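Step one of this worksheet: look at the structure below.
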Amino acid sequence: MLPSIRDLQLTQVAGARKSRPAIVAKAEADDLEDVRLLDSFESSNDSHGIIIEEEEEEEGMNRIQVRITGMTCAACSNSVESAIKSISGVLRASVALLQNKADVVFDPTLVKDDDIKNAIEDAGFEAEILAEPSTFKTKPSGTLLGQFTIGGMTCAACVNSVEGILRNLPGVKRAVVALATSLGEVEYDPTVISKDDIVKAIEDAGFEAALVQSNHQDKIILGVAGIFSEMDVQLLEGVLSTLKGVRQFRYSRISNELEVHFDPEVVGSRSLVDGIEGGSGMKFKLHVMNPYARMASKDVEETSTMFRLFISSLFLSIPIFFMRVICPHIPLLYSLLLWRCGPFLMGDWLKWALVSVVQFVIGKRFYTAAGRALKNGSTNMDVLVALGTSASYFYSVCALLYGAATGFWSPTYFETSSMLITFVLLGKYLECLAKGKTSDAIKKLVELAPATALLVVKDKGGRCIEEREIDALLIQPGDGLKVLPGTKVPADGVVVWGSSYVNESMVTGESAPVLKEANSLVIGGTINLHGVLQIQATKVGSDAVLSQIISLVETAQMSKAPIQKFADFVLIFVSLPLQVASIFIPTVVVMSLLTFLGWYIGGTIGAYPDDWLPENGNYFVFALMFSISVVVIACPCALGLATPTAVMVATGVGANNGVLIKGGDALERAQKIKYVIFDKTGTLTQGKATVTNAKVFTGMNRGEFLRWVASAEASSEHPLAKAIVEYARHFHFFDEPSATKDGQNNHNESIISGWLLDVSVFTALPGRGVKCFIDGKQVLVGNRKLMTENEITIPTHVENFVVELEESAKTGILVAFDDSLIGVLGVADPLKREATVVIEGLQKMGVKPVMVTGDNWRTARAVAREVCVYFYSFLVH
């Protein structure tokens, strides 16, 4: 058991020198190699050994996430946050600008989901309530109102009897039974009592009962394959209309997505899918749409839309820029532009037409968003863009009309409008790309979970009657699942039967595979290596470890670091303490007007020379250009996006490398870290064992020695055993060692080839090694403890050789035939190439690295010396 933090003490060894770094484990010398602290670690809060801290939500509160469209800067996110918090019943709200999401905790008795959505839309933004990461949800908070049919009641006494039984049930708040309709309404707490318990209580009293419906509603979004005509759509609607528990549904012919609202107390998500597929005669094939995948597709769609708008604007703006800058130097083209066509020149007509498309077709989104914001009494970046480009465009139009009417032609600035919109769209496109890259960590975590699972269907007697593949998002607690070799574990659960090694490195960081046997716990998303396992799902959906890790990363990316709050304060001035909409943009508009008046009045009173004016220009045009510049460049998005982007990138990179960061605050406080503790195996080392030495101390031939050892280890699934068999096979057949993923295949080929000896009475001894019989001789392969238990004497020269291996950062494996020790194998776990660089980098930063390992003391010291870890002792009290 790993000791608690209070039981650990890091102390520098007296007299230690920096040139001889190592780690010292204070324990009995004989037991050092048996101390497996990390292997026996068990979390007090989570049996999987992973502690995920979360803010405990208040009892009875609901939590939802809302996707928000239209936010462009910190002022927008604060405006949305203020709108949500102003709703009575909202306990907590956090808006993330980069993710375009809001996380809201509220009292469901006072606030509904639609109330939050409407508040966001009233603030001038689009909102969409996001679905849960899985279709299976835990019991809802609060109480449910269920309607039950009750058969067999004949009089008022029966009614009173049923009501009395129901009201005495734990978790039942209220119960009313009607004799005329044979219905009963029961208000109950689903966390205390289930609908099945209520039905059973009524049946035990001598009546018949069944749930009709409840006020609980769930939603599932399904992708539908097999719909090709209107007849197929009608068939789908007919099937849904006949299914019990279905409240409403909507099918999109464009995306082939089916959204179904149903009563989870009446029908489960898997039963719903089975009912639709069965009702259609298996014509339709349904799969659950992963919410994260849907969000990713929307991000991709938004990015492609922004790219299309940018390219269109650029394509139309280049000719305008060409006519203004390049054409005056090409006489032939310039003469065509100066050709008068009606009241205007040909060049003016072309500029006006091209810019009008850019301004009102491509730039329509800016006017729409600005109008929505102004309508709701708020302002955002779109208001600035619309103001700046409109001023340039309408001035140019007025200049043309004025010139046609009076003959006095002022310069136009159509290219200013088009180029501003083009550059803003370029910025928007780059912003979308940045947002997409920062969410890569979530995508990679989601991809850890398998898409499908093999469901084991059993009869009432517990016998397996069917195995069928189902969508992994339809797994429910209690399901029996079969996990084949090489596949991922579909859900958190417990092993019912079978034995295999499971690679849990993607979750725990431990590279060494972990043995899983009956009653062992498994984690969804980990990889089953060799054997077949049958597990019973215990945690699915948001309760699963992988989902909690994803939630932790999301929460971290949505959190605001103290420095980000300071940046928001700079951006929105005095509005932040009041938690009201930003006054930054109105301030910018006022400053723009003051700039215009300052330059215009300054020109009229001769404060600057007329040489500063553009050709054919005047003071009004000159002042207008400065005014537009103030409006356009004043957008605070860069400052507002800088910190959240940095937090998202840092948490994302950390998650990809197995480091979970709680949020911006933890990231900012990381600068105060003084110690970093590393596990040796798989962190500082590669986590892949290879045999480096094989020495025989008797007259036996080395090849024969390796053949005997490999025969003994071939029946073991331990990683060290695989490495020994691989080394022996390579020694005999001179082929290259195979990759880990092919180890099992090569292992089978080796057995088939017949070069291994027959083994009998094989026994694997955890923490010691293996014992078996070959040709009537007892073979022992393991550590010192195994030899001591079997009264095998270790000669001094053999002990010295093992010590030499250990001091070279290798593990010595002893081999004994009958009662004599005949050889030693040296197994090494090479250091990662970047390990030394990381340690040196930490030391230069003033951080002191410490290594923790369950390996023997000498090997640990050798590794510590190689990577230059300081002398620190790991004291266990």
Side-chain angles (χ1 to χ4, degrees), residues 13 15-17 19-39 512 679-681 684-686 689-700 702 705-706 709 713 718-721 723-724 727 765 767-770 779-817 819-831 835 851-876:
V13 175
R17 292 181 300 174
S19 59
R20 293 182 56 84
I23 180 170
V24 182
K26 184 179 180 181
E28 294 293 333
D30 295 338
D31 297 332
L32 283 172
E33 62 181 280
D34 303 318
V35 179
R36 300 294 301 175
L37 294 172
L38 297 178
D39 289 349
D679 176 32
K680 180 178 75 70
T681 305
L684 295 176
T685 66
Q686 296 178 10
T690 55
V691 177
T692 59
N693 303 77
K695 188 168 184 177
V696 184
F697 295 98
T698 63
M700 178 180 285
R702 187 182 182 190
F705 167 74
L706 290 175
V709 176
E713 293 284 15
H718 195 281
L720 292 182
I724 293 172
Y727 178 80
L765 304 170
R768 287 165 289 178
V770 299
V779 179
L780 301 173
V781 184
N783 56 18
R784 294 184 183 89
K785 190 171 184 178
L786 178 64
M787 302 299 149
T788 303
E789 288 178 352
N790 289 271
E791 299 180 351
I792 304 294
T793 303
I794 303 176
T796 303
H797 65 284
V798 175
E799 177 65 24
N800 293 337
F801 181 73
V802 173
V803 170
E804 183 180 339
L805 289 175
E806 293 171 345
E807 290 179 345
S808 301
K810 301 174 184 177
T811 300
I813 298 177
L814 306 171
V815 181
F817 292 174
D819 296 330
S820 60
L821 195 149
I822 64 169
V824 174
L825 295 171
V827 181
D829 185 3
L831 284 173
M851 189 181 73
V852 178
T853 182
D855 209 337
N856 66 78
W857 183 83
R858 294 186 185 91
T859 302
R861 183 177 61 179
V863 173
R865 183 189 302 116
E866 194 169 349
V867 295
C868 298
V869 177
Y870 284 121
F871 273 104
Y872 280 93
S873 62
F874 188 83
L875 305 181
V876 184

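In this text, all values refer to a predicted model and were calculated from it rather than measured experimentally. Note: hydrogens, waters and symmetry copies are ignored here, and every other heavy atom, side chains too, is used.
- Scored by the side-chain hydrogen bond (donor to acceptor under 3.5 Å, both in side chains) test, Glu804 finds no partners at all (sequence neighbours excluded).
- Val824 and Leu805 get closest at one heavy-atom pair: CG1-CD1, 3.8 Å.
- A pairwise comparison of heavy atoms in Ala835 and Val867 identifies CB-CG1, 4.3 Å as the closest pair.
- Here the CZ atom belonging to Arg784 is positioned 14.5 Å from the CD atom belonging to Glu789, to the nearest 0.5 angstrom.
- Residues Ile724 and Leu825 meet the side-chain proximity criterion, which asks for heavy atoms closer than 4.5 Å.
- Rounding to the nearest 0.5 angstrom, the gap separating the CG atom in Leu786 from the CG atom in Leu780 is 5.0 Å.
- Judged as a side chain to side chain contact (heavy atoms under 4.5 Å, CB included), and not counting sequence neighbours, the contacts of Thr796 are Asn800.
- Shown here are the side-chain hydrogen bond (donor to acceptor under 3.5 Å, both in side chains) partners of Asp819, two or more places apart in sequence or in another chain: there are none.
- Residues satisfying the side chain to side chain contact (heavy atoms under 4.5 Å, CB included) criterion with Thr692, sequence neighbours excluded, are Thr690, Lys810, Ala828.
- Looking only at side-chain heavy atoms (C-beta outward), Leu814 and Leu821 come within less than 4.5 Å of each other.
- Side-chain atoms of Val781 and Glu713, non-hydrogen and from C-beta on, do get closer than 4.5 Å to each other.
- We find the CE-CZ distance between Met787 and Arg768 to be 12.0 Å, quoted to the nearest 0.5 Å.
- Between Ile813 and Asn783 the shortest side-chain heavy-atom distance does not fall below 4.5 Å.
- Pairing each heavy atom of Ile792 with each of Ala816, the nearest pair is CG2-CB, 4.1 Å.
- For Tyr727, the ring pair (Phe, Tyr, Trp, His ring centres under 6.0 Å) criterion is met by no residue, not counting sequence neighbours.
- Counting all heavy atoms, side chain and backbone alike, Ala723 lies closest to Ala689 at CB-O, 3.4 Å.
- With sequence neighbours excluded, no residue forms a side chain to side chain contact (heavy atoms under 4.5 Å, CB included) with Thr788.
- For the ring pair (Phe, Tyr, Trp, His ring centres under 6.0 Å) test, residues two or more places apart in sequence or in another chain that qualify with Phe801 are Phe697.
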